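Accompanying notes for the structure given below.
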Amino acid sequence: MILRGIHVENWRCIRRLDLDDLPDGIIVLHGPNRTGKSSLVRAIRCCLFDCDHDAMGKDIKASIPWDGGGPPKVIVEFTVSGAHYRLTKVFSKKKEGTALLEKKAGAGWQVEQDAPKEASRRARELLGSDKSSAGLNQLLWLNQGETALPDEENIDRSLEEKLVHVLGVMVTGRDLAFKHALDKRCATWFTEKTGRYKENCPVAHWQTLHEERLAIRDQELQKLRQWESAILQLQACEDELPIRHKAVERARTEVEQLQHERERSKERVRQYHDAEIALKSAADTLERAEEANKKSEQARERSAAAGRQLALVNEELQSAQLDVDERMQDHEDHAHSLELASQREDEHLAGRDQIEDRAKLVSIARQERQLDKVLQAVGSHEKAASELEEQLLKATAPDEKALKSLRDNRRHAGELRAGLQASTWTLTVTSARATTIELSLDGQACPAVDCQAEERRSWSIRQRALVQIGDMGQVEVARTQQALDLERMARDLARLDQEYEDGVRSYQQDPTDDSCLDRLAERRIQRESWVHQLKKTRSAVEMIAPGGQGALELERTRLEQQRQFILERRPDLASWEPRAEELEECEKQFKSQAAELERVRRGCEIAERVALEKLKQTGTLVHEHKEKLAAATALEKACRDELERLGAAETIAANLAEARVGRVKAEAALAANQLTEAEQTIDQRLTEAETSLQERNNRLRELEDKLIGLRTFLQGNEGLHTRLADAEAAVQEAENALAREKIEAEAHRRLRDLFEACRENQVQQVMGPIASRVLDWSRRIGLEDYQEVRFGDKFLPEGIAMGGATTATPIVLDEESYGTEEQLSILVRLALGGVLANEEPAVAILDDPLAHADPIKHRRMLEILRLAAAGNAAWTPPAGRLQILILTCHPDRFDHLPGARHIDLPQVMAR
Amino acid sequence: MVSFLHAADLHLGMRTTRFDPIVAGKVREARFTALDNILKQARELRVDFVLIAGDLFDDPSVDQRTARRSFEMLEDLPMPVFVLPGNHDPLLSGGVWDRPPWNQQGAKRVRLLKDAEPVAFNGELWLFPCPVFRKTSMNDPTTWIAQSPRDNGAIRIGIAHGSLKTREDLPADDHLIARHAAADLQLDYLALGHWHRRQFFADPAGIERTAYCGVHEPMRFQGNTTWQTGWIPYGGAGREEFLDAGKGEVLHVQIPRAGEPPALRPIDVGHYIWQEETREVASGEDLAGLVKDVATREAFDRRLLRLRLSGVLDAASTLRLDALREILSKRYLLGELDDTGLRVQPTEDEMRATAGQGVLRRVLEKLQEEAQTPDPATRQVAERAVLLLYQIACEVNS
């Protein structure tokens with residue numbers, strides 16, 4: 001269908017609208033808000049599809065104008081399959097209401113159907129849809145603000161049939177019913193979310209049973225292994241039992257034999273033991289006798305040796321005593337020589353006092369000469385210092401701070417004075433006749449001044465003047481606020497001048513002399529120089545005589561006293577002139593003699609010490625010999641005492657001989673009663689045999705206990721075989737059931753997975769070209785990151801696969817921005833609409849579209865609209881032409897549509 | 001003339017692990033029923049005694065109920081019953097023979113042959129029992145008989161449990177018995193147990209004096225060497241000697257007098273019928289015929305049937321498999337259907353009718369491809385999924 005003309009009367013706000021000769025392609029109907037754009041769309045929908053002439057639904061009621069200009073009337077001209085039709089509808093339940101379908105024949109119109117209802121039906125039949133929201137219109141006729149595609153559930157059946165007719169079958173009803181039944185069955189097995197087995201499904205049930213039965217089977221198997229192990233142990237025990245019985249029997253026989261043997265040898269053993277005791281006693285007696293003999297011989301030997309030692313020590317003592325006497329004489333000789341040498345040295349050293357006194361006199365004389373020089377220098381410095389102090393007292397001067405204060409005083413006073421002078425007025429009075437002028441300047445009365453005629457008299461004033469000129473009256477001149485400041489300045493100046501004058505006079509300077517401050521400065525410098533010299537002089541005195549001149553004089557007196565003291569002790573030196581050279585010669589001679597005497601004395605000392613040492617050594621030797629003598633005497637006495645205690649040697653020898661005879665007899669008796677080896681070991685062998693018997697009995701009992709235990713265990717496990725068989729059968733049943741259920745479940749899963757895969761494949765196969773076209777257009781408008789537009793069963797997109805995202809989880813359209821969703825929606829509508837318009841052009845109505853598109857995308861969308869409107873038979877599948885009606889209040893946004901017809905609605909309609 | 005029944009390897013309390021517990025219990029119970037058949041035969045034939053040559057029990061740890069019940073059944077016979085311990089129930093302390101009632105004195109009929117020493121019977125016959133004390137042994141259990149040579153005209157019967165050394169590759173610890181032990185030991189008859197198939201062996205003179213009597217009740221499906229019952233022979237799994245012939249039987253032995261050949265006659269005493277069949281089906285008609293065949297057999301309650309199917313079926317026919325499976329599971333004592341060899345190939349009409357031309361058609365095609373893969377697990381799942389698709393589609397379409 002292509003719309004060729006629209007005529008509207010009395011439709012809502014539209015009183016009259018006439019659109020004629022509408023072209024193919026894009027038509028932009030523009031006008032401001034409330035122009036009636038949406039009302040026009042409503043009128044087209046109602047006329048062509050939605051309302052019969054007598055309908056009084058809300059659409060029609062709402063369309064009746066308020067001013068009552070007449071019934072709503074809509075005429076739509078359109079072409080279908082090459083024929084030109086005109087449908088006229090007057091909406092009213094009254095007589096005036098009508099519907100008429102006409103067909104163009106030549107230049108005129110031929111009534112096609114004048115029965116109103118039939119005309120409406122026939123029109124809908126021609127247009128291929130019952131409603132304006134059904135069939136292809138559902139895709140291409142968009143209301144204002146309709147941005148999203150219809151839901152799959154709400155897609156019109158006739159539209160779906162058309163798409164199936166053009167694009168092919170995707171999923172049949174049989175498929176869907178099958179899928180529904182399959183899903184229902186799968187729900188028995190698998191969870192909806194994860195696709196894993198449900199906890200209560202047969203697989204899980206048998207899995208659980210299988211595991212439980214396996215556990216039971218394993219327990220029984222474990223018991224079986226224990227049982228079989230017990231059998232082996234039992235067999236081993238049974239084999240071992242007779243062996244152990246025999247071993248016990250052998251041990252018992254051996255014990256009995258040994259017990260009998262021991263009884264037989266009992267008397268022989270007793271005799272042997274008696275002989276053993278007798279031999280031991282004889283041996284002890286012999287041992288004691290030999291010991292006594294040995295001790296007696298040793299005592300005699302020691303006594304003889306002690307006597308020899310005593311004689312020897314006595315001789316050595318006498319020889320040592322003689323040696324001591326000789327050494328003592330020698331020492332006395334050397335001691336005498338030492339005494340003589342010491343005496344001579346002492347006598348020579350007595351001459352040293354005189355030399356020392358002479359040296360002291362020489363020193364005192366040298367000190368006195370130095371002291372005199374110092375006293376002379378101190379006197380000179382003291383005099384210079386007194387003179388400087390006197391000059392300082394005479395010439396006073398201000399210090400640096402005071403001098404600076406005076407200079408600041410003058411500078412400040414100068415500033416004040418300059419300010420006052422700058423503010424000074426000159427009061428000039430010239431009287432025409434002689435008169436007396438009395439005046440008061442700045443509050444101080446001035447003496448009256450007589451002026452001659454025409455005499456000019458002037459006064460300086462700062463703030464106020466009161467002039468009385470004769471009897472002519474008085475004149476008063478005064479400043480205001482500024483005057484107060486000037487007065488304060490004058491007072492400050494006076495104060496500064498007074499302070500300066502007092503300060504300068506205190507230094508005996510004339511204040512009126514302008515250079516007095518310079519002189520005071522020079523004087524201050526001079527005083528500082530004097531002070532410096534005075535300090536220097538004082539320092540020199542301090543350095544030469546730290547204790548002062550008095551201390552020097554005291555030292556002089558002390559030296560004199562020392563000399564007098566020496567001279568009193570040695571009057572012979574009173575006439576001696578102290579000379580250092582003479583003193584030095586005397587000292588040299590004295591030292592030489594003293595050294596010789598000292599050398600002699602030291603030689604005597606060494607000789608005396610050597611003699612003394614030898615004397616001491618000899619004395620020590622004598623002492624040692626005395627001690628040895630005492631020890632030898634004591635030893636000799638002890639030996640004699642021991643010999644007396646041991647008795648006579650003959651008695652001891654007799655005892656020894658008797659003991660030896662007794663020992664020989666006892667040995668003979670023992671040999672006569674000697675035991676055989678068997679008799680000797682009988683007890684030990686019996687003990688060992690009894691131990692062996694005990695051990696074997698124990699082991700036999702252990703084996704018997706073990707046998708009983710094993711038999712009990714084996715008997716207690718009767719039925720194990722049957723239980724194990726039952727457990728294994730139960731496991732087998734569970735295994736079979738589990739395998740069967742798993743196959744059943746996996747078959748369901750496989751069927752479902754395959755169905756999904758095939759369905760997906762089928763959809764993509766059918767919708768692939770459309771998806772490619774939408775993807776191409778979406779990239780043209782700038783949605784570069786789209787990788788795939790995935791369609792669902794109902795020919796509508798399920799989602800978009802983005803670049804970088806997994807294809808398994810495409811994003812759905814309504815997750816995109818509002819503007820993008822609208823753009824994608826229009827692209828899909830145009831793509832599908834174009835395909836359906838291949839045989840017959842179709843009309844698309846876009847009411848206020850692309851309101852949320854950015855300028856760039858808007859421009860690109862216009863290009864797509866242009867392409868869609870033109871169609872293309874070469875595309876796969878081919879796209880037919882579309883007549884696109886765009887209603888907008890922004891005509892400038894649709895300027896870039898070459899070939900589009902723009903209609904300014906306000907110009908073609910009456911309101 | 002002496003007449004007796006020679007039985008062996010009854011394996012009462014058999015360890016059957018590959019069936020569910022109920023069936024396993026029935027299989028165990030059948031061995032008692034077969035024992036009862038032996039006893040009936042003994043009464044009918046009025047034999048002098050009954051010999052059980054080892055393995056009366058499947059294990060020395062069988063439960064008390066089995067031990068007591070078997071004792072009481074044997075004790076109820078009017079003639080003596082000589083029972084020899086075998087390698088499955090060796091004479092162990094703590095084992096079944098060491099527990100009541102088998103260890104108690106005063107039994108009227110039952111005599112447990114615990115010792116390797118001659119046993120006289122009615123003054124005209126000597127029994128030479130060779131009891132087994134271990135599960136395995138390197139010794140020939142019959143060698144001791146050589147110490148008791150023939151000294152009069154009494155009939156000499158040996159009873160042993162082990163492998164007759166008929167070839168060199170037998171396990172050395174399987175209680176090997178000399179091939180001509182009967183002749184060597186001057187026995188008129190050597191009653192053997194251990195091997196599960198009835199076999200007679202002639203002595204150097206060509207007289208069959210040595211015999212294995214076979215089992216009294218089958219223990220496995222025929223035609224298959226795997227032990228689908230889960231039973232394990234202690235003499236070595238997989239050995240052909242322990243594969244029974246699918247029959248339950250004992251030997252009726254008659255010996256006129258010492259030195260004369262014994263007359264050996266097998267007697268059927270088995271209870272259950274073990275069957276394993278492989279059937280190829282190529283159409284719904286084949287399957288229908290099979291269903292009818294299976295459904296009309298006799299003695300369901302005594303049959304254990306393993307039915308293995310192979311071939312290619314259309315999808316609709318596969319729905320009959322459920323019917324077949326139901327017959328097997330509901331009517332038979334044990335009915336197992338192995339359809340892993342059966343491939344489902346829906347016809348074009350079926351595919352169109354059930355799957356249409358949409359996605360389901362693609363799914364079916366994919367599954368059929370997967371059903372051709374060599375991986376058995378994938379193939380199994382895919383084939384089941386094909387059937388499932390067909391079932392669900394039919395449900396939906398209806």
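Computed from a prediction, not measured in an experiment: that's the story for all the values here. Letters A, B, ... are given to chains in the order of the sequence lines, protein chains preceding strands, and every chain is numbered from 1. Below, each value reflects all heavy atoms present in this structure, side chains not excepted, and no hydrogens, waters or symmetry copies.
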What pairs of donor and acceptor atoms, side-chain ones from residues 734-741 of chain A against any protein atom, are under 3.5 angstrom apart with sequence neighbours left out?
residue	atom	partner	partner atom	Å
A/Glu735	OE2	A/His210	NE2	3.4
A/Asn736	OD1	A/Gln732	NE2	3.2
A/Asn736	ND2	A/Gln732	O	3.3

Honestly, the part of A/His180 sitting under 4.5 Å from a heavy atom of chain B is neither
Scored by heavy-atom pairs under 4.5 Å with chain B, the best of A/Glu733, A/Arg723, A/Arg749 is A/Glu733
All heavy atoms of A/Ala181 vs all of B/Ile392, minimum pair found to be CB-CG2, 3.6 Å
Report yes if the side chains of A/His721 and B/Thr66 come closer than 4.5 Å at any heavy-atom pair, otherwise no.
no
So, the part of A/Glu760 with a heavy atom under 4.5 Å from chain B: the answer is neither
Okay, A/Ile231 and chain B: the region with an atom under 4.5 Å from a heavy atom over there is side chain
Looking only at A/Val731, A/Ile743, A/Leu224, A/Asn761, the option with the highest number of non-hydrogen pairs under 4.5 Å against chain B is A/Ile743
Under a 4.5 Å heavy-atom criterion, the part of residues 709-719 of chain A in contact with chain B comprises A/Arg711, A/Leu714, A/Gln715, A/Asn717, A/Glu718, A/Gly719
In terms of side-chain geometry, is the basic nitrogen of B/Glu395 or A/Arg185 positioned less than 4.0 Å from the acidic oxygen of its partner?
yes
Using a 3.5 Å distance criterion without hydrogens, assess whether the side chain of B/Asp63 forms a donor-acceptor pair with backbone atoms of A/Thr722. no
Closest non-hydrogen contact found for A/Gln235 with B/Phe133 is NE2-O, 3.6 Å
*asked:* Whether B/Arg28 and A/Asp726 form a salt bridge (side-chain N of Lys/Arg under 4.0 Å from carboxylate O of Asp/Glu) is what I want to check.
replied: yes
On a heavy-atom basis, the closest approach of A/Phe755 and B/Val363 is CA-CG2, 3.5 Å
The residue among B/Leu367, B/Thr378, B/Leu389 that forms side chain to side chain contact (heavy atoms under 4.5 Å, CB included) with A/Arg750 is B/Leu367
